[in-house]
Chemist: 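Please read through the structure below; I'll follow up with questions.
Here is the naming used below: chain letters follow the sequence lines, and residue numbers restart at 1 for every chain. For the numbers below, each heavy atom of this structure counts, side chains included, while hydrogens, waters and symmetry mates do not.
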Protein chains: 2
Amino acid sequence: MAPRQSPAKEKLIGAAVKVVREKGFNATSVDDLCREAGVTKGAFFHHFPTKVDLGIAAAGAWKLHANELFGTAPYMAHEDPLDRILGYLAFRRDMLDGPIAEFTCLVGTMVQESYDSQPSLRAACQDSIWDHALTLVDDIEAARKRHGVTGDWTAESLALHTQAVLQGAFILAKAADDPQAARDTADHLIRYVRMLFNLPVIRSEGEHHG
Amino acid sequence: MAPRQSPAKEKLIGAAVKVVREKGFNATSVDDLCREAGVTKGAFFHHFPTKVDLGIAAAGAWKLHANELFGTAPYMAHEDPLDRILGYLAFRRDMLDGPIAEFTCLVGTMVQESYDSQPSLRAACQDSIWDHALTLVDDIEAARKRHGVTGDWTAESLALHTQAVLQGAFILAKAADDPQAARDTADHLIRYVRMLFNLPVIRSEGEHHG
DNA sequence: ACTCGCAAACCGACCAGTTGGTATGTTTTA
DNA sequence: TAAAACATACCAACTGGTCGGTTTGCGAGT
């Protein structure tokens, strides 16, 4: 077990994950974060030297959250690695049926605001994205072997591609204030992966013709 | 011809496109924009009631810029609409070889910061993304007919999917501070479109095995 | 051609509110 | 009993935005 953190620190990280995901990093003030966490500024700067440091901690917490959420999801019980991959993608697609604020990515939001001005926060966001993406690599490679699929691509690039598509889907959902386009783009991703592995492309429920 | 705008207004819009793309909308102050444009605050608020209104104007200018850039690109001369689509995707992939600040998307950046708090700016970003995506729809539909491709997807959803993948690619590039992952994801997108249209999947130059 | 009138363009000092961060405490806990 | 945790008052810098004023472009009248 990880050593128990002090309540204020935990609460601040939780507040950052929640508020930054809604408003963005720069639009969220230290006072906002303290208010949301029910904590004073003194506590804030006792635990974090700067606001950016809380962002970095939030990115780390986000990574743990993702590992927990996707590492213990039901589809992980599938014996065939390809079923685990397709289960993962279906799971992520189905998340897009909920409210926008509940499926978007904290670090995808933060990295756009920090990449040019806050190298340490940018690096924490990269670590979070890459760490999650790389959890898919072993299954992709195993699925390739098991199903005899070669193709001119690497498992790592496909793993990162899934993350890119999802990040892009979040942007479409935010832009339209509607997750429909995000669901459609997730369906395209699923169709792509099925084609790569020579599976029949099944009728998806998410798209409407007309 | 559009009526000539006043110099300060043009300069401010140009400054917004440049600086916001680098730093993000919230991290860019009105003074930053005035400095970059070589204009005073008085001029700023003469032309734009608020900072958000400049953001909206910048989104509009970005849309015109995209229409100009992609509407007159060489690949548009291809007779087969499928060649135009593949030409577009190759063009966008090749843009990813330059510096990060030169291929990222202004409105994709702004929408993440505005969707929850600035509905009018969010709407302007959506308009810019959708307008550009929809320029692909006619060619996709024509290519489908010409090449006898049916498939369980709409032209509009595929057009939006290309934009989602590119937006996601920008996020990967920013996160890694390196465009390699973005290039790889663009290669996956090209491979997907080729597979949808039953074309042989050619060896791409962007990915490395190992 | 000249100049008058006037609106649009532009300027820069100024403002009140907010920002991230600090200094100096008091309380809790091991 | 000392250190870690937390609280409060405070600050200088900066924020988006305002305001009264000056300059510029330009059509009309002569």
Side-chain angles (χ1 to χ4, degrees), chain A residues 1-20 22-59 61 110 113-114 116-122 124, chain B residues 1-20 22-59 61 110 113-114 116-122 124:
Chain A
M1 277 276 90
R4 175 173 145 67
Q5 294 184 343
S6 58
K9 192 169 185 177
E10 280 177 38
K11 280 192 276 182
L12 280 165
I13 291 172
V17 169
K18 181 185 173 199
V19 183
V20 172
E22 291 166 7
K23 308 210 304 175
F25 184 77
N26 287 317
T28 303
S29 70
V30 173
D31 284 324
D32 288 339
L33 293 163
C34 291
R35 201 176 313 120
E36 178 72 27
V39 146
T40 63
K41 242 175 175 178
F44 185 109
F45 287 102
H46 174 71
H47 292 290
F48 303 100
T50 69
K51 182 187 162 189
V52 166
D53 287 287
L54 174 55
I56 292 169
M110 280 200 296
E113 295 184 75
S114 67
D116 185 63
S117 51
Q118 297 290 351
S120 54
L121 183 50
R122 190 227 91 228
Chain B
M1 280 272 90
R4 178 174 145 64
Q5 293 185 343
S6 57
K9 193 169 186 177
E10 280 177 37
K11 281 192 278 183
L12 281 165
I13 291 172
V17 169
K18 182 186 172 198
V19 183
V20 171
E22 292 166 7
K23 309 211 303 176
F25 184 77
N26 288 317
T28 303
S29 70
V30 172
D31 283 326
D32 287 339
L33 293 163
C34 291
R35 202 177 312 120
E36 176 74 26
V39 146
T40 63
K41 240 175 178 179
F44 185 110
F45 287 102
H46 174 72
H47 292 290
F48 302 101
T50 69
K51 183 188 163 189
V52 166
D53 288 286
L54 173 55
I56 292 169
M110 280 200 295
E113 296 184 76
S114 67
D116 187 63
S117 52
Q118 298 290 352
S120 54
L121 182 51
R122 190 227 92 229

Chemist: Only counting residues at least two apart or in another chain, list the ones meeting side-chain hydrogen bond (donor to acceptor under 3.5 Å, both in side chains) with Ser29(A).
Modeler: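 Per chain and number, Ser29(A) pairs via side-chain hydrogen bond (donor to acceptor under 3.5 Å, both in side chains) with Asp32(A).
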Chemist: Do Phe48(A) and Ile56(A) come within less than 4.5 Å of each other through their side chains, counting heavy atoms only?
Modeler: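 Sidechains of Ile56(A) and Phe48(A): no contact.
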Chemist: Identify the heavy atoms of Gly55(B) and Leu121(B) that sit nearest to each other, and give their distance.
Modeler: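 So the two residues come closest at C-CD1, 3.6 Å.
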Chemist: State which residues pass side-chain hydrogen bond (donor to acceptor under 3.5 Å, both in side chains) with Ser120(A); sequence neighbours excluded, sorted by chain then number.
Modeler: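 Partners of Ser120(A) by the side-chain hydrogen bond (donor to acceptor under 3.5 Å, both in side chains) criterion come out as none, since no residue qualifies.
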Chemist: Using atom NE2 of His46(B) as one end and atom P of dG21(D) as the other, report the distance to the nearest whole Å.
Modeler: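 After rounding, the reported distance stands at 18 Å.
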Chemist: Rounded to whole angstroms, how far apart are CZ on Phe45(A) and P on dT22(C)?
Modeler: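 In whole Å, dT22(C) P and Phe45(A) CZ are 7 Å from each other.
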Chemist: What are the two closest heavy atoms between Phe44(B) and Leu54(B), and how far apart are they?
Modeler: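 So the minimum-distance heavy-atom pair works out to CE1-CD2, 3.5 Å.
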Chemist: Name all residues meeting the side-chain contact (heavy atoms from CB on, under 4.5 Å) criterion together with Ser117(B); count only those two or more places apart in sequence or in a different chain, and write none if there are none.
Modeler: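 Testing Ser117(B) for side-chain contact (heavy atoms from CB on, under 4.5 Å), a comparison that skips the adjacent residues, returns none.
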Chemist: Any residue in residues 22-33 of chain A with a heavy atom nearer than 4.0 angstrom to DNA chain D? Just list them by number, or reply none.
Modeler: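 Result for residues 22-33 of chain A: none.
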Chemist: Below 4.0 angstrom, which residues in residues 48-59 of chain A have at least one non-hydrogen atom near DNA chain C?
Modeler: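 Within residues 48-59 of chain A, the residues near DNA chain C are Thr50(A), Lys51(A).
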Chemist: Taking Watson-Crick and G-U wobble pairs with both distances under 3.5 Å, convert DNA chain D into its dot-bracket string, 5' to 3', dots for unpaired and | for cross-strand pairs.
Modeler: ||||||||||||||||||||||||||||||
Chemist: Under the side-chain hydrogen bond (donor to acceptor under 3.5 Å, both in side chains) test, which residues partner Asn26(A), sequence neighbours left out?
Modeler: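 Per chain and number, Asn26(A) pairs via side-chain hydrogen bond (donor to acceptor under 3.5 Å, both in side chains) with Glu113(A).
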Chemist: Excluding sequence neighbours, so at least two apart, what forms side-chain contact (heavy atoms from CB on, under 4.5 Å) with Ala37(A)?
Modeler: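 By the side-chain contact (heavy atoms from CB on, under 4.5 Å) rule, Ala37(A) matches Lys11(A), Leu12(A), Ala15(A), Val39(A).
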Chemist: Could you pull out all residues at least two apart from Glu36(A) that satisfy side-chain hydrogen bond (donor to acceptor under 3.5 Å, both in side chains)?
Modeler: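 Listed in chain order: Lys18(A).
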Chemist: Which nucleotide, dT22(C), dG17(D), dC10(C), lies nearest any side-chain atom of Lys41(B)?
Modeler: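 The closest nucleotide is dG17(D).
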Chemist: Any pair with a residue in residues 38-51 of chain B that passes salt bridge (Lys or Arg N to Asp or Glu O under 4.0 Å), sequence neighbours left out, goes on the list, sorted by first then second residue, please.
Modeler: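 Salt bridge (Lys or Arg N to Asp or Glu O under 4.0 Å) check on residues 38-51 of chain B returns Asp31(B)-Lys41(B).
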Chemist: Mind calculating the distance between NE2 (His47(A)) and P (dA7(D)) to the nearest angstrom?
Modeler: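 Spelled out: NE2 on His47(A) to P on dA7(D) is 9 Å.
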Chemist: Applying side-chain contact (heavy atoms from CB on, under 4.5 Å), name anything that partners Ala61(A), two or more places apart in sequence or on another chain.
Modeler: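 For Ala61(A) the side-chain contact (heavy atoms from CB on, under 4.5 Å) partners, ignoring immediate neighbours, are Ile13(A).
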Chemist: What is the distance, rounded to the nearest whole Å, between atom CD of Glu10(B) and atom P of dC10(C)?
Modeler: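 Spelled out: CD on Glu10(B) to P on dC10(C) is 10 Å.
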Chemist: When you get a sec, tell me which of dC11(C), dG17(D), dC6(D) is the closest nucleotide to the side chain of Ala8(A)?
Modeler: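 Looking only at side-chain atoms, Ala8(A) lies closest to dC6(D).
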